[in-house]
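Each remark here refers to the structure printed beneath this line.
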Amino acid sequence: MKHTLPNEGMRRLLSGYRDFFNGNPARKGFCAIHAEQVATKQNPHSMIISCFDSRVCPEAIFNTHDGHVCIHRNMLNQVCERDESMIASLRFALETLKVQNIVILGHSDCNAVQKLRHLEELPAQIRSWLERSHTCYRGSTVDEAVKNNVLDQLAHLRQIPFVSQAVQEGKVNLEGLFFRIHDGGLERFDPAAQTWYTVSTEEENA
Ligand SMILES: [Zn+2]
């Protein structure tokens with residue numbers, strides 16, 4: 001089945017993922033040549049908004065090298081307009097670093113998503129942060145709820161005026177990904193087909 005083709009930045013992320021899965025790490029210690037290239041400039045192709053879960057390591061999953069991606073992490077991989085840290089990073093990534101993609105990265109067995117079912121039992125600080133997501137537990141399984149949350153966060157991105165303008169002008173692409181901790185699988189949301197599919201660990205552009 002043909003899926004919506006990723007842009008150049010996404011192809012690099014998916015290619016990096018294949019290298020991660022197949023055990024070909026990009027980082028083999030300090031590289032003086034690369035360090036010199038990035039010492040005074042950066043040109044990241046994507047910004048990844050990831051859950052803060054300790055089992056999900058975006059730089060490892062996408063086999064990235066220094067200067068290739070910006071990563072913002074919080075509980076529930078949330079896009080929250082009232083979070084100054086998030087909004088400042090997003091604006092800088094879009095307008096100064098000119099990233100091609102903003103990626104929401106959810107993952108299997110997400111504790112934060114599971115907590116959405118029991119908000120009333122949580123300490124106030126955790127409850128108020130999770131409530132900011134304006135999402136709720138939707139789905140018959142945790143993984144389904146996580147994927148729905150990723151889609152909710154993509155919708156939140158589109159509601160931010162400077163993001164929606166950049167999307168309309170074709171300057172940035174929004175992507176949803178889901179990482180399976182238990183088997184290393186990666187799923188991508190295909191906006192045209194409105195479905196999730198598992199990214200091949202073998203074929204290019206799949
Ligand atoms: Zn999580």
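Each ligand, and each atom within it, is numbered from 1 in the order the structure gives. Note: hydrogens, waters and symmetry copies are ignored here, and every other heavy atom, side chains too, is used. As the structure is a prediction and not an experimental result, all values here were calculated from the model.
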Show the atom names and distances, to 0.1 Å, of all donor-acceptor pairs under 3.5 Å that link a side chain in residues 73-80 to residues at least two apart or in another chain.
residue, atom, partner, partner atom, Å
Arg73, NE, Cys51, O, 3.1
Arg73, NH1, Val56, O, 3.1
Arg73, NH2, Cys51, O, 3.0
Arg73, NH2, Asp53, O, 2.9
Arg73, NH2, Val56, O, 2.5
Asn74, OD1, Asn77, N, 3.3
Asn74, OD1, Gln78, N, 2.7
Asn74, ND2, Gln78, O, 3.1
Gln78, OE1, Ser133, N, 2.7
Gln78, NE2, Trp129, O, 2.8

Can you list every pair that meets salt bridge (charged side-chain N to carboxylate O under 4.0 Å, His left out) and has a residue in residues 126-154, with sequence neighbours left out?
Arg138-Asp152, Lys147-Glu187
May I ask you to list the protein N, O or S atoms found at less than 2.8 Å from the Zn ion (ligand 1)?
Cys51 SG, His107 NE2, Cys110 SG
Checking the side chain of Glu59 only, and the main-chain atoms of Thr64 only, is there a donor and an acceptor separated by less than 3.5 Å?
no
Among Leu177, Ile48, Leu157, which one satisfies side-chain contact (heavy atoms from CB on, under 4.5 Å) with Ile104?
Leu157
Within 45° of the ring axis of Phe178 and under 6.0 Å from its six-membered ring centre, is that where the NZ or CZ of Arg188 lies?
no
Excluding sequence neighbours, so at least two apart, what forms side chain to side chain donor-acceptor pair (under 3.5 Å) with Thr40?
none
